[in-house]
Every structure is written in structure tokens, then in C-alpha cells.
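In what follows, a single structure is set out as C-alpha cells and then discussed.
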Amino acid sequence: MKKIFSKTFFPVLFLIVFSKITFSQDHSVDESIKKGISQAYISYISYDKNLLMEAKETFEKALSQDNSNTFALYHITYCEYKLLEMSLRKENEGLFDKYYDAAVANAEKLSETKGIGSEGKTLLAGIYMMKIANSPMSAVTLSFKIHSLLNEAEEINKINPRTYLIRGTMKFQTPAMFGGSFEDAVKSFTRAVSLFEKQDSINALEPNWGYLEVLAWLGKAHEKLENYDAAKFAYQKALAVEPNFGWVKSSLLPKLEEKMKGKN
Amino acid sequence: MKRLSLKSIAYLALILCFTQPLFGQGKITIEGNITDEKNKPIPYANIFLLNTTDGAASDEDGTFSFITSQNGKATLIASSVGFNKFQEEVDLIGAKISFSIKLKETTINLKETIVTGSSFGSEKEKGLVISRIDVLTTPGGAADIFQSLKTLPGLTQVSESAELYVRGGDPIETLTMIDGAAFYHPFTFESSYGGLFSNLNQSAVKGIYFSSGGFSSKYGNVISGVLDIETRNQPEANRYQFGLSLANASLSADIPIVDGKFGMYFDIRQSFAKPLFWLNGGLDRMTVSPVSRNGTGGIVYSYSQSGKLKLFFIVADDKQGVNVDRPEYNGTFNGNSKNLFVNLRNTDILFGNLIMKNSLAYNKYSNQWLLGLLDITKTDYVYTFRNDFELSLGSANKILWGVEYENRKVNFLGKIPEKDFDIRPDGLSKNIDATFKGSRQGGYAEIQSANTFNIDNVSFAGGVRFDNIPELKLNWFDPRASLGYRLTDKSTVKLGWGIFHQLPDPRLFRPEDGNPNLKSMRAEHYILSYDYALDDQNFFRVEAYHKKYNDLPKENNILNYDNSGNGFVNGVDIILKGTLPVNITGWISYGYINTKRIWMDYDELTSSSFDITHNFTMVLKYNLSEYWQVGINTKYATGRPYTPVNGSIYRNDLKLFEPIYAQTNSDRFPDYKRVDLRITHFNQIFGNVPIVVYMEGLNMFNFNNIFGYSYTPDYSDKKEVESYFGRRMLVFGFMLSI
């Protein structure tokens, strides 16, 4: 008995138990984040606000278990960004004020975090764009800021497709008189698509949203320029990747097909 | 091991023969490169097979590659912004197919290269961009298009009015157009010192094009500058805005009726200067504090994908009363005006590449000036019709042509002083009842070409215009041309030249005190400019110009006026626009001008009244946060020339002193200096109602700017007359949007 419970036994036992607990915790934090990513994805393709809120809760739970987990914070901020976007719909009006300040604070924190700075700045630019959509006069102070953030994001990581997605959306949404351009939007979206398609496989926890979104926006931009074949290609490609992508399936593609019928 | 029989081998071979195609009917790799006609790679072009989801974007080096499971005949499409679409039927056979695709440039590039010199616009293809946000937020600009344009080079600070003095030219030498129709009275509070603000609300504006010289043959009957404004299209969403400040109240609404097809918008505002002058002083100068009412609106109908009808209108009136101290008389200047402008505009595309624009407009303007015995009412009726076409020929050439017709009747009715130094109510006067009636028919044709004569980077625009005024038996022929050479992707050199004609001010045609047989004025422009555009936000331009004037109206003892006047302008304009360190945005502009004329009552060639040697403007804005912005507008200009009074003689017959003038424009007022500050706050109230609150300090350092002198009755002494913003003024207001 004495031999079994030697001096090294308890330290070793402690190490084994401790690393098992830590590993399990990490493992469960990672699993939570993956679960949240899946929920967020489904919420986006079905544009379901409640599911998005659930996803956000999942990420918050992960963050509470590991408050230094940058990925958890990132995905929380992404959910907030998407909730701001959803708040632009009439039925979701109250959401904007609920999430805006927190989204900005989180995105600012991410912007200063090494390793995820480009994603943070891109997300912050997207959040400011939602602010402009909610309150057009704030374009006076925010437009310049958005351009700066995207330039900085690009400088940090030239191959982040989400930077070009947000830049393209900015160019699309801004009236020409204020510097917007559908042509520039197409260029940015095409670049984003190319980067998405060429990116190496990434860690399952890292930001990886935006491919379906950019295809939809690319289609819209082509439509504005009356490049209907290219628009249809973008929409169909999006549906090939995700046949249940609601925005394209129920709205964008059917409307385009009607338009193309009318033209012929 | 059992050997395979011959029969088995045969069966195996047979199976392989039939199944190999099935296996081979797997994927085909489609790859290649995509370039322009000069073999330059086109990055991020879209290449795909029609009616499939197989495709890719080209890389930075123009190469592309994707896999398809299609076989047989298919349609390969390649497209990129700025290029014509490529479409070709291809045979998809084999494991790998390579394509070398060449795209041809479209006319989009024409817009970027053919822009004539000296131009500014609100959109990229119209020249250096001064956006609507710049107009809205320029400190001291009062969100007024004209006041904000005055911060650009080429526009001299002759007075604080909103009138545009372009490169040594009289404001009458700059034409304002709205949707293709000439608009001769775009200002409120028009007086002999100019109109203070514009009648056109910036909220109705979609695009601005401004040129201070060398402009296209499209524009006739103008010799110095052009401001071509395009009004907005139908609104896309309901929006209501209410604004209130110390100086005005406004209400505007956007009302879409049928999504994307039919809608209307309007903006009404009332200005009232009394609170402004009560707070800042100056109320004692007013007998009737300036008041104006203004309504702007539009109804837009898109009857097809390319066709649009726009009905735009401006209705405005104003009045003011100011104490005036003259040597011979102290009294009140009362002015009032009414303005109605209606324009019906149609734009459409015919036969795929022929753009057609028509406009039909009516403008009635009347104003009355009362001061002492002066009691004159001017009524100006203008009917215009204009028809323009643009035809694209291939990807590099465009022909423009058009015709215009204008019918104008200007009536002057009332009483004017016989001697300009005596406006006493009992002074000598002349009755005026004069009507100037005339019509002008004009036409133009212009060609624009990129890569002219296949010379890389060279663009050319050349045209002629012809105008005829049958009532005056006048006609003129104006050739104009500009040449551009793109040194690099970011820099361009432009040369411009042109002949320009314009009728003088209608009042000079009055038989009582003018000459109904006056001829047109003529100007010849020479311009050389260099542009460097780092990107959309950062821009530098330097431009040198020479203008020669001939046939200017000049006083004549027998005819009242003749066309013996002439003059010249030499100058340099520089502008730097963009982002400075510490995220400050804005622009700095400087203009040097040397101009002399002999015209009107000048005895010899001398500095014109518009000879403002140095003009400097700096507009800077800084965002303190997403809610706060501060801005500064600094102006400096050489004092305006004026003709001093040397002495006087007593006129026993008139019982007053007659001034003896020194040489015309032999002295200058003190230099003009002004610094305006503005702080703006953006927020939301009641949950989601955006609000903008601003406070502006005009002439913050209280520089004593004057726009004239008033003399004692014997002209032995003089005192300064303050300019409109001759003292520090505080203005604040807010705007709500729903």
C-alpha cells in the first residue's frame, strides 16, 4: 500500500485529473462554439431572429466558461451585427438600440486583438454601416470611419474575403451622389468570392461566414447593372451551395427570373 | 493461378470500352486567362458557363480555372466592369480546355477620360468630386449649394452673396441649368449686391457639374462658367424631415407611390432673419428683416426601364428692407421678388445605345427695388426647350448633338434716377417702360473619343455650336476642343480651348438708357491642367488659364452703349482634396488671378471689379466620434477693387454735391478674411428618430469685412458699410427625420 501511495502518486494523480478537467472544459467550450456557429448559420439561411439569439446565448455561455476565448467573443459580435441587420425590418425595430452599443464595444475590442484584428475591424465597419442604415445622417461622421477601418483591415490581412464583402456592400448601399457605385460593388464582391473559393481550410472555430451572403450581393449588384446572366449565375451558385438559402430562393432569384422573362 | 481465357479478356475489353466514356464523362477543367485588348490581365472578372453553377473569378494575374461536369455544347460567358460581355459557344470535350479571352472596353471609360478641364462634379465621371455631404456640412455654407461651391478654386470672393464670380467674370457670365433648362434667377434677396442664397434646395439635387472654363459645346450663351444641376429621381422610401434654426424653418417629404416607378418629393422652407439679427446685432439696419419662402418639389414617373418623366418646380418669394446711408439721401432700400420655375424633363434610351433627353421649361421672375426715387420692377419671362442626344459608337467614341430654343421677354417698368449720384425722391428721374424680347435658337455637335487615332491614353473632345438671335440679327459660331493625356493610372494632363459668346445683360438693351442694337460678348479660353487622383478621396489639381474678352459693352456718349469693350484674365487655380493626418478631411484651394477690362463706365484698361488677386479657402472637418463632427472654413481674399471718390463739386442746379471719382478701380477694399466654425451632433430621439443639431459661429474672429463705403454729403469723409457677415454671428438649429 505504501508503495502505491508513494510521494509522486498524488502529484501525478492531480496532474491527470487537472488536465482532464481542463481538456474537457476546452473541449466543451470548443463544442459550444461549434454548436453556436451551426445555429448562426441556420439562422442566417432562414433569417430567423430567435435562432440567432439562441446562437448568441450559446457563444456567451462559451465565453463565460473561458473569458479569454477570442473566437467566442468574435461570434457574439457577429450575432450582434446580424441582429442589427435584422432590426432594419419593421417587425424588429426595437432590436437596434438593444444591441448597437455592445456590438460596437465588442468589435472595438476585437479590432485591437492580435490575430483577429482584421476581422474585428471588418465587423466594426459592418456595424457602423448598420448604424447608417438605421440613421442616414450618421453617414456624415461614419462613412469616413468605415473606409478607414476597411483600409486598415485590408492592410492587416489582404486576403480576408469579409473585408471586400463589407466594402462592396458599402459601395452598393451608398447613393452615387455620395460616392457609391454598383461597378465598384461588383469588383469588391467578385474579389470576395474569389478569396472565399481559394482559401485554405481553416480552423472550425475561426470566422468563416459570408460566402453565401457575398454571392447574393454579387447577384444584386449585377442586376443593378443589368448583367442578368451573371446575376443568375451568382444566385444559382449560392443555391447550389445551400439549397435552403431563403433570401435567394424565395426572393432574389424568382424576382430576377420574372425580370428576365419580361425583358425577353 | 488460373490464367484468363481469351474469352474473358475479350469481355473485359468490351466492358472497358463502354465504361471508359462513362468514367471519362467526369469533370472537365476549364482554365485560361482573361485580358483587355492591350493584353493587360483583368483581375476578378467573372467567367462561367451559362445556365450552370460552374465558373470562377480570375486571379490578380488574370488567370482562372474551374471544373465542370457539363459536356458537349455550352455557352461560356466572361464579364468585368468596364468591359463588354464576352459570350461564345464552346465544345466541352476532353479533360482540360484552355481559353484566352479578350474583353473590349465599354464607354464607361469614356466618362473618366473625356471630362473637360476645370470641372467639378458630384459623381466620379463629372470631374473632381465635391459630394452632397460636402455641401451639407461645409461650415458657413448654410447647406447652400452656391455658397458651398464658392469654396472651390476658380470662384473668387468678390462679395458674400451666393453669386458665382468665375475666374474674373461677372456672375451673369455663369449659367445655371436645372435638368437642361436655363435658370437665370437662382437666388433669393437679389439686390445690386447680389443674391444671398440659392432658391434651389440641396435636397432636390441628384448631381452637380460645375465648370469654370473650357466647357462643352452643349452650353451656349455663356462665356465664363456653367453649373449644371440634375434633380433627383423618385424617392425609394417614405421620409419626412423637419428643420428649425435661428434663420429658417423647413419641412420636406419623400412620398413613393409605386415602388421604383412613381413618386414625389417636396421641400418647403421659410427664412426669417429677425431672430438671427436680434441675437447677433444688426437688426437696427433692417426696416423689414429679410424674409423668404421657398417651395421645391418634383413628381417622377418611370414609364419603362429606361424612360423617365420628371416634373420639377420651384416657387419662391422674398422681401427685405435695409437702411441705406447715401451722401445725398438716407432712406430705406426695399426689395421683393417672386420666382416660379417649372421644368418637364424626359430621358430615355432609343435603339439600345442612343440616349435622348428633352426638357421644356417656363420661368417667371419679377423683382422690385425701391430706394428714394428709384422704383423699378423687372419681370423676366423665359420659355426654353431643349433636345439632346448621345450616341455611343463602339467602346471608345461618342457623338453628342442637340438643339435648343429659348424665348425671353424682360420688362423694366418704373422710374430710375437721371444722375446716379442723386436718388433723392425729388431728384431728376426718367420713366422706364422697356421690354427686351428675343428668341435664341441654337444647336451643337460634339465628338468624344478615348484612345484617339489609336494613340494610347489620349482622349479628345471637340465640338461646335451655332446660335442665332433673329430679333437682333445676331448669330455666332463657337468651336471648342479639349485634349487629355493620361500620364499614369492616376494622373492626367488636359488642354482646353474654346470660343464662347453671350448676350449682355438685358437692361443694356433698354432704348431709354441702353442700346437695342448691342451685339454679343465674346470670350476665348485657353486652359492647361494637371490632375492627380490618388483615389476617390484624395485629389490634386493645378490649372493655368488665359481668357480673352472682346465685344464687351462699353458706355458710349451717342449710343449709350457699344461693343468696344475688351479685357483679359490670367490665372492659376490649385486644389488639394483628401485626408490629412489625424483623419482630418477636407480641401484647400488657392487661386491667383490677374484681370483687366475696359468696359461699361471704365475709361481705360484697368483692374476689373472682379480682380481678386489671391483667393484662399480651407475647409476641414474632423469626426470627434460617430456622434460629433467639427468643421472649420477659413477664407482669405485680396480686397476687391473699387473707385474711390477724390473730391466733389457743388451742383447749384441740383443743390447737392457731385462726386469726383479717381481712376476706375484704382483702390482696393481691405482684404477679406473670415473663419467659420461648426459643430454638429448626430443622435436619435424617441427611440429611433434621427436628429441633427448644429451650432455655427460665422466670422468667429470678428474680422471687419466691408462691402462698401458711405460718404458724407460733401464726400469729404467716408465710413465703412459692413458686409452681410461683417460681425461675429452665432447660428444654431436642428433637423429631424422620420
Side-chain angles (χ1 to χ4, degrees), chain A residues 87 93-94 96-97 104 128 131-132 134-145 147-148 151 164 175-198 218 221-222 225-227 229-230 232-241 259 262-263, chain B residues 43-46 48-60 64 66 75 77 79-82 85 87 108 122-124 129 131-133 136-137 205-208 230 232 239 305 536-537 579 583 585 621 623-629 680 682-684 687-692 735 737:
Chain A
S87 77
E93 259 171 13
F96 192 89
D97 290 331
V104 169
Y128 284 146
K131 175 74 178 182
I132 293 176
N134 180 262
S135 168
M137 279 308 286
S138 53
V140 175
T141 48
L142 291 181
S143 295
F144 173 74
K145 213 163 182 174
H147 283 298
S148 293
N151 288 343
Y164 303 102
M177 178 124 193
F178 293 107
S181 158
F182 296 127
E183 288 87 355
D184 288 349
V186 164
K187 283 182 192 168
S188 289
F189 291 142
T190 308
R191 191 165 181 178
V193 168
S194 175
L195 288 170
F196 272 118
E197 291 174 354
K198 288 179 169 58
L218 178 59
H222 275 307
L225 296 172
E226 296 182 3
N227 298 332
D229 290 332
K232 190 173 178 182
F233 175 76
Y235 294 150
Q236 286 179 330
K237 195 162 184 180
L239 288 180
V241 170
K259 211 183 274 184
K263 200 170 188 248
Chain B
Y44 310 116
N46 290 286
F48 59 97
L49 294 172
L50 187 63
N51 296 325
T52 74
T53 57
D54 302 329
S58 57
D59 285 336
E60 289 267 2
F64 64 87
F66 62 91
T75 306
I77 293 182
S79 66
S80 182
V81 167
K85 186 170 79 172
Q87 185 165 330
I108 279 178
S122 59
E123 289 155 35
K124 216 164 46 173
V129 176
S131 74
R132 198 165 131 196
I133 279 188
L136 273 172
T137 58
V205 173
K206 174 175 175 260
I208 296 171
E230 188 186 344
R232 52 183 293 200
R239 187 186 64 100
Q305 212 155 15
D536 282 353
Q537 315 287 331
T579 309
N583 292 333
T585 58
K621 294 169 211 171
N623 297 323
L624 295 167
S625 72
E626 70 180 80
Y627 298 104
W628 292 92
Q629 184 187 75
T680 315
F682 308 88
N683 214 323
Q684 281 179 302
N688 62 349
V689 176
I691 183 169
V692 177
M735 191 156 53
S737 286

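Naming convention: chains lettered A, B, ... in sequence-line order (proteins, then strands); numbering from 1 in each chain.
Of the residues considered (A:Ala238, A:Ser148, A:Ala230), A:Ala230 shows the highest number of contacts with chain B, using heavy-atom pairs under 4.5 Å. Interface check for chain A: of the options B:Thr680, B:Asp54, B:Ile77, the most heavy-atom pairs under 4.5 Å are formed by B:Asp54.
In this structure, the portion of B:Ser625 lying under 4.5 Å from any heavy atom of chain A is its backbone and not its side chain. If you measure heavy-atom distances from A:Asp229 to chain B, the contacts under 4.5 Å come from both the backbone and the side chain. Contacts of B:Tyr44 with chain A are made by both backbone and side-chain atoms, with heavy-atom separations under 4.5 Å. For chain A, the nearby part of B:Asp59 is the side chain; its heavy atoms alone come within less than 4.5 Å. Neither the backbone nor the side chain of A:Tyr235 comes within contact range of chain B; no heavy atom of the residue lies under 4.5 Å from a heavy atom of that chain. Looking at A:Leu239, there are no atoms closer than 4.5 Å to chain B (heavy atoms on both sides), in backbone or side chain.
In this structure, the separation between NE2 on A:His147 and OG1 on B:Thr579 is 9.5 Å, given to the nearest 0.5 Å. Atoms CG and CG, from B:Asn623 and A:Leu142 in turn, are 7.5 Å apart once rounded to the nearest 0.5 Å. The OG1 atom of A:Thr141 lies 9.0 Å from the OH atom of B:Tyr627; values are rounded to the nearest 0.5 Å. Atom NZ in A:Lys131 sits 11.0 Å away from atom CZ in B:Phe682 (nearest 0.5 Å).
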Checklist entry - Between B:Asn46 and A:Phe233, does a side chain to side chain contact (heavy atoms under 4.5 Å, CB included) hold up when you go through it step by step? => result CA-CA 10 Å; B:Asn46 290 286; A:Phe233 175 76; 5.8 Å; no

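In this structure, B:Leu50 and A:Lys232 have side chains that are not in contact, with every pair of non-hydrogen atoms separated by 4.5 Å or more.
Heavy atoms only, all atoms of each residue included: B:Ser58 and A:Ser194 are closest at O-OG, 4.4 Å. Residues B:Ser79 and A:His222 come closest through the heavy atom pair OG-CE1, 4.4 Å.
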